[in-house]
Amino acid sequence: MYGAMKDDLRKKLDAIRAEGLYKAERVIATPQGARIRVRGGKEVLNFCANNYLGLANHPAIREASRKAQDEWGYGLSSVRFICGTQEPHKLLEKAAADFLGTEDAILFSSCFDANGGVFEPLLDEDCAIITDSLNHASIIDGVRLCKAKRWIWKHGDLRDTEEIDPDTGKPAKGLERCLKEAASCRYRMVATDGVFSMDGDIADLASVCDLAEKYGALVMVDDSHATGFVGRTGRGTPEHCGVSGRVDILTTTFGKALGGASGGVVAARAEIVEYLRQKARPYLFSNTLAPGIVGGTLAALDLLSGSTELRDRLEANTRRFREGMTAAGFDIRPGVHPIVPVMLYQEKLAHDMADRLLDEGIYVIGFSFPVVPRGKARIRVQISAAHSDADIDRALEAFRKVGREMGVVK
Ligand SMILES: *Cc1c(COP(=O)(O)O)cnc(C)c1O
């Protein structure tokens with residue numbers, strides 16, 4: 001039987017390659033950090049990790065993880081409700097809720113699972129989910145698993161309108177129009193990324209919360225690209241937007257700024273968390289987070305609760321890079337987030353330029369369709385608190401040099 005499928009898969013893989021969409025995986029020969037070595041290559045400066053605060057290989061976090069493993073063992077071989085809950089898991093749930101400013105929190109193996117498990121128990125076919133068109137794949141999948149009626153608003157468009165979207169030629173609605181149309185549903189939930197990872201733009205949560213309040217909807221925010229560093233004390237987009245306490249459900253990952261290992265969380269009102277413990281399928285039917293990861297994440301939250309030094313450093317680095325790129329004449333998407341999209345528009349140019357930058361010792365990735373719309377190809381730079389001023393300046397120098405060579409800047 002496999003013969004036919006094999007041929008089919010070969011053809012599909014060839015087609016992916018022919019389209020230039022094949023994702024090859026570069027092998028890193030060192031721990032994650034500002035400086036890494038790619039297998040068979042030299043040391044490069046890394047500008048494409050989600051290691052926003054430089055905690056991925058932080059000595060205090062490695063030590064805490066090792067200690068947790070020594071004390072609590074390697075794995076639990078159980079889901080939480082059978083025999084997979086240890087003291088550190090309860091402590092991490094408490095620490096995450098405290099850090100995020102919610103009543104309670106519940107751990108998942110990943111934020112992908114958190115988003116996969118959060119909607120279905122809370123919303124049935126009489127309810128509505130209203131989501132931003134650019135939401136993360138895991139929100140989209142979580143919504144698919146849930147029976148609620150669905151509305152999608154055009155990314156960033158909060159108005160009470162329905163218009164033909166010039167990019168797609170299809171009708172597109174604003175959030176307020178969706179909320180009006182969903183008015184007869186029993187519960188309505190507005191779901192959005194806090195930060196959209198391809199553009200680095202921050203959702204206008206103040207307006208989203210105002211609209212949700214006006215139409216009696218709950219608000220769910222996935223803050224994976226914000227927890228730990230966005231907002232004055234790193235509490236994320238609700239803090240940045242001044243809506244702390246108005247977001248009903250926050251999901252986020254431990255796999256980015258908070259040490260970058262893995263794990264996710266739903267932080268929310270007490271009854272929501274309690275109910276998810278009874279009903280969320282990825283929680284009930286998937287293994288407990290390993291003690292080593294729990295210990296490391298606890299240390300990360302502890303570090304960030306006591307000091308804003310790392311997020312301040314990241315903010316300064318981001319400003320330095322954004323100002324340098326603008327002065328050099330590059331077209332970057334404006335904003336304040338450490339995701340800095342360098343717009344090149346043409347697919348091939350984005351990939352060729354990323355390759356040239358790697359030759360210059362700067363590791364960045366070109367993004368093109370289908371990850372971003374056609375004709376909107378870019379290099380996505382990600383700044384880290386682990387970068388020094390000299391690292392940022394070296395990246396700027398390389399961008400200027402390669403940009404001039406390739407005719408992108410003068
Ligand atoms: C990275 C990311 C996720 C997935 O997080 P994992 O913990 O790696 O599964 C979910 N949502 C958003 C918005 C993300 O950026």
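All ligand and atom numbering here is 1-based and tracks the order in the structure. By convention here, the first residue in the shown sequence is residue 1.
- Atom 3 (C) of ligand 1 has as its closest protein heavy atom His136 CE1, 3.4 Å.
- Contact atoms of ligand 1 toward His225: 15 (O) (distance under 4.0 Å to a heavy atom of the residue).
- In terms of polar-atom proximity, defined here as any N/O pair under 3.5 Å, Asp193 makes no such contact with ligand 1.
- Ring-plane geometry between Phe47 and Phe321 is classed as parallel, the angle between the planes falling under 30 degrees on a 0 to 90 degree scale with a further cut at 60.
- Of the protein's heavy atoms, Cys111 CB, 3.3 Å lies nearest to atom 5 (O) of ligand 1.
- Nearest to atom 1 (C) of ligand 1 among the protein's heavy atoms is Lys256 NZ, 1.5 Å.
- Under a 4.0 Å criterion applied to the non-hydrogen atoms of Asp222, ligand 1 contributes the atoms 10 (C), 11 (N), 12 (C), 13 (C).
- Ion pairing between a basic and an acidic side chain is recognised when a charged N comes within 4.0 Å of a carboxylate O; Glu93 and Lys90 show such pairing.
- With respect to the salt-bridge test (charged N to carboxylate O, under 4.0 angstrom), the residues Asp157 and Lys173 do not qualify.
- Some N or O of Thr253 is nearer than 3.5 Å to an N or O of ligand 1, by distance alone.
- Taking 4.0 Å as the cut-off, Ser197 does not count as a neighbour of ligand 1 on heavy-atom distance.
- Close contacts of ligand 1 with Ser138, meaning ligand atoms under 4.0 Å from a residue heavy atom, involve 10 (C), 11 (N).
- Taking the side-chain contact (heavy atoms from CB on, under 4.5 Å) definition, one finds that Asp389 meets it with Arg313, Asn317, Arg320, sequence neighbours left out.
- One finds a salt bridge joining Arg35 and Asp391 here, because a Lys/Arg side-chain nitrogen approaches an Asp/Glu carboxylate oxygen to under 4.0 Å.
- Both the backbone and the side chain of Ser110 come within 4.0 Å of ligand 1, counting heavy atoms alone.
- Between Arg186 and Asp124 there is a salt bridge, with a side-chain nitrogen of the basic residue lying less than 4.0 Å from a carboxylate oxygen of the acidic one.
- With salt bridges taken as basic N to acidic carboxylate O contacts below 4.0 Å, none links Lys11 and Asp14.
- Residue contacts with ligand 1: Gly255 is placed with no nitrogen or oxygen under 3.5 Å of a nitrogen or oxygen of the ligand (distance criterion only).
- Screening Glu347, His351, Lys376 against Ser368 for a side chain to side chain donor-acceptor pair (under 3.5 Å) leaves a single residue, His351.
- Here the protein heavy atom with the shortest distance to atom 9 (O) of ligand 1 is Phe112 N, 2.9 Å.
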